[in-house]
Asks: 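Can you keep this structure in mind? I'll have questions shortly.
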Amino acid sequence: MMRVRFAPSPTGQLHVGNARTALFNWLLSHGHEGIFILRIEDTDAERSTKESEASILEDVRWLGLEWDEGPDIGGAHGPYRQSERLHLYTSYANELVGGGHAYYCFCSPQKLESDRKSDLAAGRPPRYHGTCRALPPEEVHRKLEAGEKPVIRFKVPERVDVTFQDLVRGDVTFNTEVIGDPILVRSDGRPAYNFAVVVDDALMEITHVIRGEDHISNTPRQVLLYRALGFTTPKFAHLALVMGPDHTPLSKRHGATSVSEFRERGYLPEALTNCLALIGWSPRTDAGSAGTTEELLPLAELARRFALENVGHSAGVFDPEKLAWMNRHYMKASAPSRIAAESSRYFQARGFIRRKSDAALAYIESILAMAVGSVDRLEEIPDRVAFLFAYDARAAIARPDVVEVLHESGARDVIAALADVIATPLLDRDAFRAVASKVKEKTGMKGRALFHPIRVALTGESGGPELDLAVPAMDRGAALPPDSGVAKIMSAAERARAFAGAVATHDS
Ligand code: GLU
């Protein structure tokens, strides 16, 4: 049974690079009926926070990467927070000390610092000098009795090659010459990452460790620890880092980097997972579709096709343009009721709806056709239909684009005629067309000269969605009861009169 894990440290928001690591673990386990575990690596008490843990869990879940075992749902290999597993690390550390694989180190910070300086001065990479490696047992005993608080260090075998199999990079070999004896347990009893991760991965029966390549130099230390503890070594896969469009590691300089920022901005989770999956991996095209690049793959389809063999070992680029393109696709492909629900908070933020009532959601759903085809993100939807909620005739006639339309010949006649003939609510395209015909008859204007002034009068803008959709949307909105949850919307007739009035006042 394949068992994989995502093991974030709760020290901030979930970065998209880490989200990709979670995704690759999830995809692999789902393609193999495996188990996906979420483990919180919170032994760094100063930097770990509960808020960060909660937000990471929320983001992973939002991405659709549900876990089978984890801190909130438990499982047979728990607990799933390292801070709740300290007794396990202590017991394995004692076992290593007892077996001669680890030892107490009493070196002071000053001594370590001066060793480091002398290494650097001699042009050597700094590493622990092994001072306490061979302390006589009586001396160790005496120091412990005297209340000294040592660290526990791993006794790394000298000058041996450590080779591990990496499913992305092939065999990787490090010589222990470059590895100083790492700390396993700090003087306050907290385990170091390299130690806790081995104890946990072994006890949680992890079969495949898939993580960022920033951990590759840790792996030989971990492999040696598996051996010393008599555990089976899992398979490893180190994923190349995610780069920005300029080929430097993706960071704040490139804009949004955390999953929650992308969520805030109105990307759909399947667009983000689709986009992240294609960084460093590409689907093998199915037989019959040879040569076509099928890039739009929702999560379930990604899981069906994902294979570690097809993960490249060179860094991949995160392309915001591609994400926007994918998001447009998934917004169009989604049920309008879902897009209405997902975008409702942006309408609320703008004051366009007051509550997410059924009526408000239904109204948003009914106006989406005017927006969804022309935006990249959910957050941009309210702006496309703002004319419905924030109509102001006086402000409109001061806008340069509207002024330009008002200067077109016959425009004022159209506006006056419109205010005159418009009466009953225009609830569909035909009702609106009938009014437009009457204005045409009265003024002799047609085409652009007819519809341009009508548009500025009713929407307050010179551009925007089709009037055939926009006008009925106004009148449907105006017909909503005051307690519907939707902010007040002016009817087409009210707009026509207000606009004609504003133009007349301005002219006089
Ligand atoms: N807590 C480590 C990190 O967030 C996990 C590394 C690993 O997967 O082994 O980088």
Side-chain angles (χ1 to χ4, degrees), residues 2-29 34-50 52-57 59-60 63 65 67 69-71 77 79-86 88-89 164-169 172 174 182-184 186 190-226 229 231 233-242 249-251 257-259 276 308 311:
M2 173 184 285
R3 290 174 60 84
V4 299
R5 86 308 193 268
F6 175 54
S9 304
T11 54
Q13 306 252 302
L14 181 63
H15 184 279
V16 291
N18 282 337
R20 187 182 63 137
T21 301
L23 173 65
F24 281 21
N25 274 285
W26 188 94
L27 291 175
L28 189 68
S29 62
I35 296 288
F36 175 55
I37 294 163
L38 199 143
R39 180 174 72 224
I40 293 293
E41 305 212 321
D42 59 350
T43 53
D44 184 342
E46 286 87 56
R47 295 178 59 226
S48 301
T49 66
K50 280 281 161 205
S52 162
E53 177 185 319
S55 90
I56 289 171
L57 295 195
D59 286 346
V60 178
L63 287 169
L65 313 178
W67 46 97
E69 300 172 24
H77 298 69
Y80 294 91
R81 254 181 223 105
Q82 289 189 329
S83 58
E84 294 163 14
R85 300 172 63 83
L86 298 179
L88 294 167
Y89 312 129
F164 59 90
Q165 194 201 353
D166 189 296
L167 297 171
V168 171
R169 319 174 149 254
V172 178
F174 282 84
I183 293 177
L184 301 181
R186 301 191 179 84
R190 280 184 297 129
Y193 157 73
N194 275 311
F195 181 49
V197 80
V198 168
V199 171
D200 290 346
D201 285 342
L203 297 185
M204 293 181 182
E205 298 176 36
I206 300 301
T207 57
H208 296 70
V209 169
I210 304 165
R211 60 186 169 201
E213 71 175 2
D214 46 330
H215 286 291
I216 202 159
S217 62
N218 285 318
T219 308
R221 295 168 176 79
Q222 294 175 17
V223 168
L224 291 168
L225 279 165
Y226 279 101
L229 288 163
F231 291 141
T233 311
K235 296 195 166 75
F236 294 95
H238 288 94
L239 307 174
L241 296 184
V242 176
L250 188 67
S251 74
T257 53
S258 73
V259 170
L276 291 176
L308 272 179
V311 173

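All values below were derived from every heavy atom in this structure, side-chain atoms included, with hydrogens, water molecules and symmetry-related copies excluded. Every number for a ligand or one of its atoms is a count from 1 in the order of the listing. Quick caveat, the model's predicted, so the values are computed rather than measured.
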Asks: Short list, please: which atoms of ligand 1 are under 4.0 Å from a heavy atom of Val197?
Replies: 9 (O)
Asks: Start with the C-alpha gap between Asp200 and Gln82, add the side-chain angles, then the distance that decides, and say whether side chain to side chain donor-acceptor pair (under 3.5 Å) holds.
Replies: CA-CA 8 Å; Asp200 290 346; Gln82 289 189 329; 2.8 Å; yes
Asks: So Phe236 and Tyr226, would you call those rings parallel, tilted or perpendicular, with 30° and 60° as cut-offs?
Replies: perpendicular
Asks: With a 4.0 Å cut-off on heavy atoms, is Phe6 in contact with ligand 1?
Replies: no
Asks: Kindly determine whether Asn18 and His15 satisfy side chain to side chain donor-acceptor pair (under 3.5 Å), including the steps that lead there.
Replies: CA-CA 5 Å; Asn18 282 337; His15 184 279; 5.7 Å; no
Asks: Distance under 4.0 Å to a non-hydrogen atom of Ser9: what atoms of ligand 1 satisfy this?
Replies: 1 (N), 2 (C), 3 (C), 4 (O)
Asks: Would you check the N or O atoms of Ala7, main chain and side chain alike, for any that come under 3.5 Å of an N or O of ligand 1?
Replies: yes
Asks: To the nearest 0.5 Å, how far apart are CD1 in Ile35 and CE in Met204?
Replies: 13.5 Å
Asks: Counting non-hydrogen protein atoms only, what is the nearest one to atom 8 (O) of ligand 1? Give residue, atom name and distance.
Replies: Arg5 NH1, 2.7 Å
Asks: To the nearest 0.5 Å, tell me how far Ser217 OG sits from Gln222 CD.
Replies: 9.5 Å
Asks: Provide the number and element of each atom of ligand 1 under 4.0 Å from a heavy atom of His215.
Replies: 2 (C), 3 (C), 6 (C), 10 (O)
Asks: Closest non-hydrogen protein atom to atom 9 (O) of ligand 1, residue and atom name please, with distance?
Replies: Tyr193 OH, 2.6 Å
Asks: For the CZ atom of Phe231 and the CG atom of Leu225, what is their distance to the nearest 0.5 Å?
Replies: 9.5 Å
Asks: Just which atoms of ligand 1 are under 4.0 Å from any heavy atom in Glu41?
Replies: 1 (N), 2 (C), 5 (C)
